[in-house]
Amino acid sequence: MSISQIINGKRVIVKKPELLAPAGNLEKLKVAVHYGADAVFIGGQEYGLRSNADNFTLEEMAEGVQFASKYGAKIYVTTNIYAHNENIPVLEDYLRGLERVGVHGIIVADPLIIETARRVAPKLEVHLSTQQSLTNWKAVQFWKEEGLERVVLARETSAEEIREIKEKVDIEIETFIHGAMCIAYSGRCVLSNHMTARDSNRGGCCQSCRWDYDLYKLEGDRAIALFDENDDPFAMSPKDLNLIQSIPKMIELGIDSLKIEGRMKSIHYVATVVSVYRKVIDAYCADPDNFVIRKEWLDELDKCANRDTAPAFFEGVPGYKEQMFGVHSKKTTYDFVGLVLDYDKETGIVTLQQRNFFKPGDEVEFFGPEIENFTQVIEKIWDEEGNELDAARHPLQIVRFKVDREVFPYNMMRKGH
């Protein structure tokens, strides 16, 4: 299939990639779909690599599938651990359960799970996890011959390598565009196992590469410090991935699915990142020859970034500037403070669920897929009974106040700091 066609004298992209978003729970799934994701990947309570995410029961998956299908979105489930003997007895029942609730596909690393899914749950699409660290077309060809519909490439794969893979193998390709980077090939680091006995390949990574370290060299039995007391701590962590500038090139390469990482992240993060990439993909596909990256999109991504970002391997091998040294955290510039539940057109009053402290006099910003971002100063705030409040200070408190423009359920309110 060609990537683009001339329609009414203008080139348009006819092969639009899937935008794939993370969701650690049902609320995040609904937000991801509402803000423009074509598909969402989630974890069940077994066989996934994010044991600290809330994760989904089969009943919650069924509800998620039902919600997503109203929007034409798909649900994939991560079953990407490397199985130990103890994981085998309930595997068949689990995979049958995923098929039964209508999950579209599973993301898998272990050949045992792949073969079992093929046998007991044949309606499930099988996508090869990035845990297999695929970086070359021969390996991709192998997995195609094994009957897989899609492979998720290693984050370490460059644009040129992807071009060659797409030319030589007819299979769906999924690549990461945004989120955390592993200091090793994904899942192949054993620092977490060594330092905390938490297994990276079974969902327990403690992110040892994000810690601060002091450097020493050993001379005989003596440890000689390679730092001064006033030095910044040394960290070995890579900057987070951010490929917003490369989206046009990825679309032209024919990449089938563009994946955002972050099942542990907040609904504010999911909503912000999904909505920005939705706009970029749609704008480029509609008019690729006149496309420009808008500064407001870059600024928007910054509003939820808690670490510095870089394009990583897609545009070439990263150097030391793509690593985090010294001070390695960056505070987000905005706090998520409220989720819109309802809006009364006649009175201009919004009903909002509080997610962080705010008070009259604060300047806030509203955003969402149905509206252009706007800021305003909050005047009076009332509780559900109509009592005036000096602040919205209680978690998940339902409050009301006047807004300057129309807002919609699932729109969000944030506050700069």
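Bear in mind the structure is a predicted one, so any value in this text is a computation, not a measurement.
- In summary, K415 and D335 do not engage in a salt bridge, as defined by a charged side-chain N under 4.0 Å from a carboxylate O.
- Remark: the backbone N or O of N242 is not paired with any side-chain donor or acceptor of D240 at under 3.5 angstrom.
- Among residues two or more places apart in sequence or in another chain, the salt bridge (charged side-chain N to carboxylate O under 4.0 Å, His left out) test is passed with E167 by none.
- Counting heavy-atom neighbours within 6.0 Å of E384 CD, excluding the residue itself, gives a total above 12.
- Considering all non-hydrogen atoms of both residues, N25 and K28 come closest at OD1-N, 2.9 Å.
- A salt bridge links K166 and D256; the closest N-O separation between the charged side-chain nitrogens and carboxylate oxygens is under 4.0 Å.
- The salt bridge (Lys or Arg N to Asp or Glu O under 4.0 Å) test with R118 is passed by exactly one of E146, E149, E125: E149.
- Closest approach of K249 to A159, counting heavy atoms only: CD-CB, 4.0 Å.
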Go through it in stages, so that I can follow the logic: the residues are L98 and I106, the test is side-chain contact (heavy atoms from CB on, under 4.5 Å), and I'd like the CA-CA distance, side-chain angles, deciding distance and then a yes or no.
CA-CA 9 Å; L98 297 182; I106 54 176; 3.6 Å; yes
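- Ring geometry for F366 against F401 counts as tilted: the plane angle lies between 30° and 60°, on a 0 to 90° scale.
- With respect to E172 and K259, no salt bridge is recorded, no charged nitrogen being found less than 4.0 Å from a carboxylate O.
- The two atoms that bring W297 and V292 nearest to each other are CZ3-O, 3.7 Å, heavy atoms only.
- The existence of a salt bridge linking R278 and D282 is confirmed by a sub-4.0 Å separation between a basic side-chain nitrogen and an acidic carboxylate oxygen.
- The nearest pair of heavy atoms linking E99 to K123 is OE2-N, 2.8 Å.
- Closest heavy-atom contact between K144 and D170: NZ-O, 3.0 Å.
- Applying the side-chain hydrogen bond (donor to acceptor under 3.5 Å, both in side chains) rule to pairs touching residues 398-407 yields T351-R400, sequence neighbours excluded.
- Between I381 and D390 the shortest side-chain heavy-atom distance does not fall below 4.5 Å.
- With F176 as the aromatic partner, R155 meets the cation-pi criteria of under 6.0 angstrom to the ring centre and within 45 degrees of the ring axis.
- Salt bridge E18/R150: present, at least one basic N to carboxylate O contact under 4.0 Å.
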Before giving the answer on side-chain hydrogen bond (donor to acceptor under 3.5 Å, both in side chains), spell out for Q132 and S129 the whole-Å C-alpha distance, their side-chain angles and the decisive distance to 0.1 Å.
CA-CA 6 Å; Q132 276 285 358; S129 169; over 6 Å; no
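- Of the N and O atoms on the side chains of N411 and E370, at least one donor lies less than 3.5 Å from an acceptor on the other residue.
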Test T116 against E92 for side-chain hydrogen bond (donor to acceptor under 3.5 Å, both in side chains), laying out the working first.
CA-CA 7 Å; T116 307; E92 291 188 7; 5.7 Å; no
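- A salt bridge does not link K16 to D38: none of the charged nitrogens lies less than 4.0 Å from a carboxylate oxygen.
- Ion pairing between a basic and an acidic side chain is recognised when a charged N comes within 4.0 Å of a carboxylate O; R355 and E27 show such pairing.
- Nearest heavy atoms, R263 versus T78: NH2-OG1, 3.3 Å.
- Relative ring orientation between F67 and Y71 is described as tilted, the plane-to-plane angle lying within the 30° to 60° band.
- Side-chain contact check for F313 versus P318: some heavy-atom pair is nearer than 4.5 Å.
- Note that K30 lies outside the cation-pi zone of Y410, set by a 6.0 Å cut-off to the ring centre and a 45° limit from the axis.
- Side-chain contact, E300 with N373: a donor N or O sits under 3.5 Å from an acceptor N or O.
- A cation-pi contact, defined as under 6.0 Å to the ring centre and within 45° of the axis, links R414 to Y334.
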side-chain hydrogen bond (donor to acceptor under 3.5 Å, both in side chains) evaluation trace for E174 with Y76:
CA-CA 13 Å; E174 179 177 306; Y76 307 128; over 6 Å; no
